[in-house]
There are 2 protein chains.
Amino acid sequence: MKEKELRRSLAVLPIGTVMKLTDLTARQIRYYEEQELIMPQRNDGNRRMYSLNDIDKLFEIKDYLDEGVNMVGIKEIYIEKEVRAKRQRELLKKPLSDNDVRRIFQNEFLSVSGLKNPDEPSFNANKPL
Amino acid sequence: MKEKELRRSLAVLPIGTVMKLTDLTARQIRYYEEQELIMPQRNDGNRRMYSLNDIDKLFEIKDYLDEGVNMVGIKEIYIEKEVRAKRQRELLKKPLSDNDVRRIFQNEFLSVSGLKNPDEPSFNANKPL
DNA sequence: AAGTTATGTTATAAAATCTAACATTGCGCG
DNA sequence: CGCGCAATGTTAGATTTTATAACATAACTT
């Protein structure tokens with residue numbers, strides 16, 4: 001699946017196409033970039049070029065906004081996501097120790113039972129960080 | 001797989017992107033269109049917009065040209081291909097009669113044995129049609 | 001040698017995008 | 001209520017990309 005990942009991350013779409021696909025305005029798309037939610041590449045002439053992954057992310061952003069999450073919240077969500085992804089990558093490298101397994105199991109259990117996961121910082125979009 | 005087909009046929013790429021992906025010049029890409037080998041869509045502003053299928057086809061065209069096939073030859077190849085595809089679509093609709101099966105088997109046999117397939121018209125790129 | 005094919009090159013016009021600034025709208029809050 | 005900020009709209013002017021069309025050319029065919 002390395003091939004597919006590469007394709008999805010190829011920056012081949014100009015902003016006009018992205019507008020049509022996502023039903024967002026250029027202003028919105030550039031604003032989300034300003035907020036560092038997406039980082040499109042630039043071509044030789046300084047035009048923004050987007051990948052399919054960028055498209056996916058824009059749809060996600062749209063959904064979050066519809067749900068009432070603000071920019072800061074969305075940023076926070078992606079930071080968390082990245083932290084988790086990195087942790088996951090680490091796990092894939094080294095096999096788990098018994099201790100890791102216990103810790104992971106405990107976290108899972110707490111999450112499922114509806115208790116607060118100590119790893120998941122509380123977050124309120126309307127209160128400043 | 002209907003979803004994937006749709007995505008592959010979505011016209012989302014401007015010619016600049018296609019140039020980079022295929023390593024063809026704009027002149028070449030437009031010329032192949034003039035020859036009716038590809039038919040990109042146009043956006044509201046009359047700019048050509050290409051799909052992933054178009055990209056695939058351009059790579060194929062490149063390969064044929066490298067092999068020494070000329071435009072007329074490539075056109076012929078695609079006409080044949082389309083005929084076959086259409087026939088295939090028909091087959092998928094109605095179950096085969098015993099006669100169909102025999103005929104198909106025989107054609108397969110002739111092809112594999114290196115004999116001329118009566119269905120495949122002889123074609124010489126350097127002779128006029 | 002002349003014609004044809006595939007491609008290069010150039011000029012001119014139109015469309016798409018960029019940045020930056022100012023405008024507007026809706027919402028939380030003292 | 002009225003202020004302030006967040007998200008988005010709008011506009012202007014510059015730059016880049018693409019379109020069409022015409023003419024040029026190199027390599028083949030005949």
Side-chain angles (χ1 to χ4, degrees), chain A residues 11-50 54 57-77 123-129, chain B residues 11-51 54 57-78 123-129:
Chain A
V12 292
L13 309 171
I15 201 169
T17 294
V18 177
M19 291 172 63
K20 278 183 194 146
L21 290 178
T22 62
D23 203 42
L24 292 167
T25 65
R27 185 68 165 94
Q28 289 175 301
I29 297 168
R30 296 198 195 103
Y31 182 65
Y32 304 153
E33 177 184 353
E34 199 179 308
Q35 299 298 311
E36 296 182 276
L37 292 178
I38 49 175
M39 291 115 94
Q41 312 223 165
R42 300 291 183 118
N43 70 5
D44 294 343
N46 196 37
R47 268 83 236 275
R48 279 169 254 256
M49 300 301 285
Y50 299 84
D54 291 327
K57 201 155 186 182
L58 285 172
F59 275 121
E60 283 181 26
I61 293 170
K62 256 185 89 166
D63 287 345
Y64 285 132
L65 287 173
D66 284 348
E67 291 171 16
V69 184
N70 66 8
M71 287 298 143
V72 181
I74 298 175
K75 273 188 233 183
E76 191 61 27
I77 288 168
F123 155 74
N124 182 329
N126 295 326
K127 290 264 192 309
L129 295 181
Chain B
V12 292
L13 307 171
I15 201 171
T17 294
V18 177
M19 290 170 64
K20 280 185 193 145
L21 291 179
T22 62
D23 202 40
L24 293 167
T25 65
R27 184 68 166 94
Q28 288 174 301
I29 297 168
R30 295 198 196 104
Y31 182 65
Y32 304 154
E33 176 184 354
E34 198 178 307
Q35 299 298 311
E36 296 181 279
L37 292 179
I38 49 175
M39 292 117 95
Q41 311 220 170
R42 299 289 183 121
N43 70 4
D44 295 341
N46 197 38
R47 266 84 233 276
R48 290 170 180 83
M49 299 299 288
Y50 299 84
S51 70
D54 291 327
K57 200 155 186 181
L58 286 172
F59 275 121
E60 283 180 27
I61 294 170
K62 255 185 90 167
D63 286 345
Y64 286 132
L65 287 174
D66 283 349
E67 291 170 16
V69 184
N70 66 7
M71 287 296 144
V72 181
I74 297 175
K75 274 188 231 183
E76 190 62 27
I77 287 168
Y78 282 121
F123 154 76
N124 181 329
N126 295 324
K127 291 265 192 307
L129 296 180

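Just so you know, these numbers use all the heavy atoms, side chains as well, and skip hydrogens, waters and symmetry mates. Reminder, nothing fancy here: chain letters follow the sequence lines and each chain counts from 1.
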Original post:
Can you check whether A:E60's main-chain N or O pairs, donor with acceptor, with A:D63's side chain at less than 3.5 Å?
Top reply: no
Subject >> Non-neighbouring partners of B:Q41 that pass side chain to side chain contact (heavy atoms under 4.5 Å, CB included), sequence neighbours left out >> reply: B:A11
Original post:
With A:D23, which residues qualify under side chain to side chain contact (heavy atoms under 4.5 Å, CB included), at least two apart?
Top reply: A:K62
Subject >> Residue pair B:Y32 / B:L24: nearest heavy atoms and the distance that separates them >> reply: CE1-CD1, 4.1 Å
Original post:
Rounded to the nearest Å, what distance is computed from the CD1 atom of residue A:I61 to the P atom of nucleotide D:dA6?
Top reply: 17 Å
Subject >> A:E34 CD to D:dC5 P, straight-line distance once rounded to whole Å >> reply: 16 Å
Original post:
Tell me, for nucleotides 5-21 of chain C in 5' to 3' order, what letter each nucleotide earns: B for a base near a protein heavy atom under 4.0 Å, S for only sugar-phosphate near one, - for neither?
Top reply: SBBBB----BBBBBB--
Subject >> Cationic N near anionic O, under 4.0 Å, A:R48 to A:E34 >> reply: no
